[in-house]
Amino acid sequence: HQLSSDSNYLAFLYVKNTGDTNNCLISLNGSSGNFYIIVPPNGSVHLRGDGTTLDCNDIYVKSNTSTTTIEYILAKE
């Protein structure tokens, strides 16, 4: 699932996995990219954009199995 269709540079991203059982996987390079960031149930991650190559529309999330729920904050430059 793409978090934003905005093509501006990403300034800040916070994702919290509010689910109880499944991991949330995050890709920073599109839907066909690698989902290297793993957020466990009730865990969270935050990062700053680089201001040059990471766009808001590059951020995708998915569950490692069936489904999970998330809260997120995405700020553009």
Side-chain angles (χ1 to χ4, degrees):
H1 178 73
Q2 186 178 33
L3 294 187
S4 174
S5 60
D6 192 313
S7 61
N8 286 299
Y9 293 134
L10 178 80
F12 177 81
L13 174 67
Y14 169 83
V15 177
K16 179 177 182 180
N17 183 355
T18 56
D20 292 327
T21 8
N22 300 320
N23 290 333
C24 170
L25 309 178
I26 301 173
S27 170
L28 302 180
N29 55 355
S31 62
S32 61
N34 295 314
F35 287 78
Y36 288 130
I37 300 173
I38 301 170
V39 184
N42 298 306
S44 64
V45 64
H46 68 277
L47 53 98
R48 291 177 36 194
D50 62 359
T52 59
T53 58
L54 183 57
D55 299 333
C56 295
N57 62 359
D58 289 335
I59 311 300
Y60 280 75
V61 297
K62 68 180 183 179
S63 175
N64 66 326
T65 54
S66 61
T67 62
T68 193
T69 54
I70 64 168
E71 295 175 346
Y72 69 93
I73 298 170
L74 188 145
K76 64 182 179 180
E77 290 202 5

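Values below: all heavy atoms of this structure, side chains included; hydrogens, waters and symmetry mates excluded.
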**Student:** Within the 4.5 Å heavy-atom criterion, are Tyr9 and Asp55 side-chain neighbours or not?
**Tutor:**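 Touching, per the 4.5 Å side-chain cut-off.
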
**Student:** Would Ser5 and Asn57 satisfy side-chain hydrogen bond (donor to acceptor under 3.5 Å, both in side chains), going step by step from the backbone distance to the final call?
**Tutor:** CA-CA 5 Å; Ser5 60; Asn57 62 359; over 6 Å; no

**Student:** With sequence neighbours left out, write down each residue that passes side chain to side chain contact (heavy atoms under 4.5 Å, CB included) with Ser44, or none if nothing qualifies.
**Tutor:**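 With sequence neighbours excluded, Ser44 shows a side chain to side chain contact (heavy atoms under 4.5 Å, CB included) to Tyr14, Lys16, given in chain and number order.
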
**Student:** Indicate, with yes or no, if Tyr60 and Leu28 share a hydrophobic cluster defined by side-chain heavy-atom contacts under 4.5 Å among Ile, Leu, Val, Met, Phe, Trp and Tyr.
**Tutor:**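 As far as the 4.5 Å side-chain criterion goes, Tyr60 and Leu28 are not connected within one cluster.
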
**Student:** So how far is it from Leu74 CG to Cys56 SG, rounded to the nearest 0.5 Å?
**Tutor:**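 If we round to the nearest 0.5 Å, Leu74:CG and Cys56:SG are 4.5 Å apart.
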
**Student:** Is the backbone of Thr67 close enough, under 3.5 Å, to the side chain of Asn22 for a donor and an acceptor to pair up by distance?
**Tutor:**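 It does hold such a pair.
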
**Student:** Is Tyr72 linked to Leu10 within one hydrophobic cluster, defined over Ile, Leu, Val, Met, Phe, Trp and Tyr using a side-chain heavy-atom separation of less than 4.5 Å?
**Tutor:**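 Yes; Leu10 is reachable from Tyr72 via cluster members.
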
**Student:** After noting the C-alpha distance and the side-chain angles of Ile59 and Leu54, does the key distance pass the side chain to side chain contact (heavy atoms under 4.5 Å, CB included) rule?
**Tutor:** CA-CA 9 Å; Ile59 311 300; Leu54 183 57; 4.0 Å; yes

**Student:** Got a list of side-chain donor-acceptor pairs under 3.5 Å for residues 29-41, not counting sequence neighbours?
**Tutor:**
unit_1	atom_1	unit_2	atom_2	d
Asn29	OD1	Ser27	OG	3.0
Asn29	OD1	Asn34	N	3.4
Asn34	ND2	Tyr36	OH	2.9

**Student:** State, yes or no, whether a side-chain contact exists between Asn42 and Asp20 at a heavy-atom distance under 4.5 Å.
**Tutor:**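 The answer is yes; the side chains approach within 4.5 Å.
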
**Student:** If hydrophobic clusters are built from ILVMFWY residues whose side chains come within less than 4.5 Å, do Val45 and Ile70 share one?
**Tutor:**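 Yes; tracing contacts between hydrophobic side chains, which count when under 4.5 Å, links both residues.
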
**Student:** Asp50 side chain to Thr53 main-chain N or O, any donor-acceptor pair under 3.5 Å?
**Tutor:**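 Side chain of Asp50 to backbone of Thr53, a donor-acceptor pair under 3.5 Å: yes, one is there.
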
**Student:** Could you tell me which residues satisfy salt bridge (Lys or Arg N to Asp or Glu O under 4.0 Å) with Lys76, sequence neighbours excluded, listed by chain and number?
**Tutor:**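 Residues passing salt bridge (Lys or Arg N to Asp or Glu O under 4.0 Å) with Lys76: Asp6.
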
**Student:** Quick check for you: to the nearest 0.5 Å, what is the distance between Cys24 atom SG and Glu71 atom CD?
**Tutor:**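 Result: 12.0 Å between the selected atoms.
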
**Student:** Could you walk me through whether Leu13 and Ile73 satisfy the side chain to side chain contact (heavy atoms under 4.5 Å, CB included) test, starting with their C-alpha distance in whole Å, then the side-chain angles of each, then the deciding distance to 0.1 Å, before giving a yes or no?
**Tutor:** CA-CA 6 Å; Leu13 174 67; Ile73 298 170; over 6 Å; no

**Student:** Would you say Leu25 and Val61 make side-chain contact, with heavy atoms under 4.5 Å?
**Tutor:**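 No, every pair of side-chain atoms sits at 4.5 Å or beyond.
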
